[in-house]
Amino acid sequence: MEFKETQAIYVQIADYICEQILLTKWQPEERIPSVRELAVSLEVNPNTVMRTCELLQQQEIIQNKRGIGYFISGDAVKKIKQFKKETFIKNELPSFFRSMYLLDLDLDELKPHFEKFKKSNFN
């Protein structure tokens, strides 16, 4: 995994885990890879992964079953989508709307591009 310098690594790992859940690669109630396994596969310090797990536990996306490992919460998908939507609307949409306004773009013009994107990336 390649990390950006603009965001803390543990937050980027949390985004990666959330993406795996949203893409249904990891299912609710399923055990996620151990801290050590994630650290090795992502080439980061295990303490960084632990910090990620603490963040995701606070958001109730994963749960720690002592002695067994971390498991995805039953309602993780709902919680991730809610959090991601709020973040997107607050942080990214204003810039997107500004560009649309400056370029005189209409939502109807963008719809075919969005459909093409979905088709080529998620089918």
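What you are looking at is a predicted structure, and each value in this text was computed from that prediction instead of being measured.
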Atom pair CZ (R98) and CG (L103), whose distance is rounded to the nearest 0.5 Å: 10.5 Å
Just wondering, do F96 and L110 contact through their side chains at under 4.5 Å, heavy atoms? yes
So, for N64 and G69, which heavy atoms are closest and what is the spacing to 0.1 Å? OD1-O, 3.4 Å
Examine distances only and state if a side-chain atom of Q27 and a backbone atom of T24 form a donor-acceptor pair shorter than 3.5 Å. yes
N-O pairing of E54 and R51 below 4.0 Å: no
Extract all donor-acceptor atom pairs below 3.5 Å that involve side chains of residues 3-19 and protein atoms in other chains or at least two apart in sequence.
unit_1 : atom_1 : unit_2 : atom_2 : d
Q12    : OE1    : K4     : N      : 2.8
Q12    : NE2    : K4     : O      : 2.8
Q12    : NE2    : Q7     : O      : 2.6
D15    : OD1    : K84    : NZ     : 2.8

According to a hydrophobic-cluster definition based on side-chain heavy atoms being under 4.5 Å apart (Ile, Leu, Val, Met, Phe, Trp, Tyr only), do L56 and M1 belong together? yes
Tell me whether the count of non-hydrogen atoms from other residues, nucleotides or ligands lying under 6.0 Å of CD in E43 goes above 12. no
Group every Ile, Leu, Val, Met, Phe, Trp and Tyr by side-chain heavy-atom contacts under 4.5 Å, then state whether I61 and F88 land in the same group. no
Going from CD1 on I21 to NZ on K79, what distance comes out if it is rounded to the nearest 0.5 angstrom? 12.0 Å
Output yes when a side-chain donor or acceptor of T48 lies under 3.5 Å from a complementary backbone atom of V44, and no otherwise. no
Using 0.5 Å steps for rounding, measure from the CG atom of L93 to the NZ atom of K85. 13.0 Å
In terms of heavy-atom contacts, V35 and C53 come closest through CG2-SG, 4.3 Å
Is there a donor-acceptor pair under 3.5 Å between the side chain of S95 and the backbone N or O of N91? no
Nearest 0.5 angstrom please: T52 OG1 to L38 CG, how far? 8.5 Å
Looking only at heavy atoms, the pair that brings L22 and K81 closest together is CD2-CG, 3.8 Å
Once you round to the nearest 0.5 Å, how far does NZ of K25 lie from CD of E30? 13.0 Å
Spatial distance of atom NZ (K90) from atom OG1 (T87) [nearest 0.5 Å]: 8.0 Å
Which heavy-atom pair separates S73 from Q63 by the least distance, and what is that distance? OG-CG, 3.5 Å
Joint hydrophobic cluster, I72 plus L55, side-chain heavy atoms closer than 4.5 Å: no
Pair listing, ring-ring contact (aromatic ring centres under 6.0 Å, His included) test, anchored in residues 35-83, at least two apart: none
Taking all non-hydrogen atoms of both residues, which atom of M100 and which atom of L107 are closest, and how far apart? CE-CD2, 3.6 Å
Heavy-atom pair with the smallest gap, counting every atom of I68 and R31: O-NE, 3.1 Å
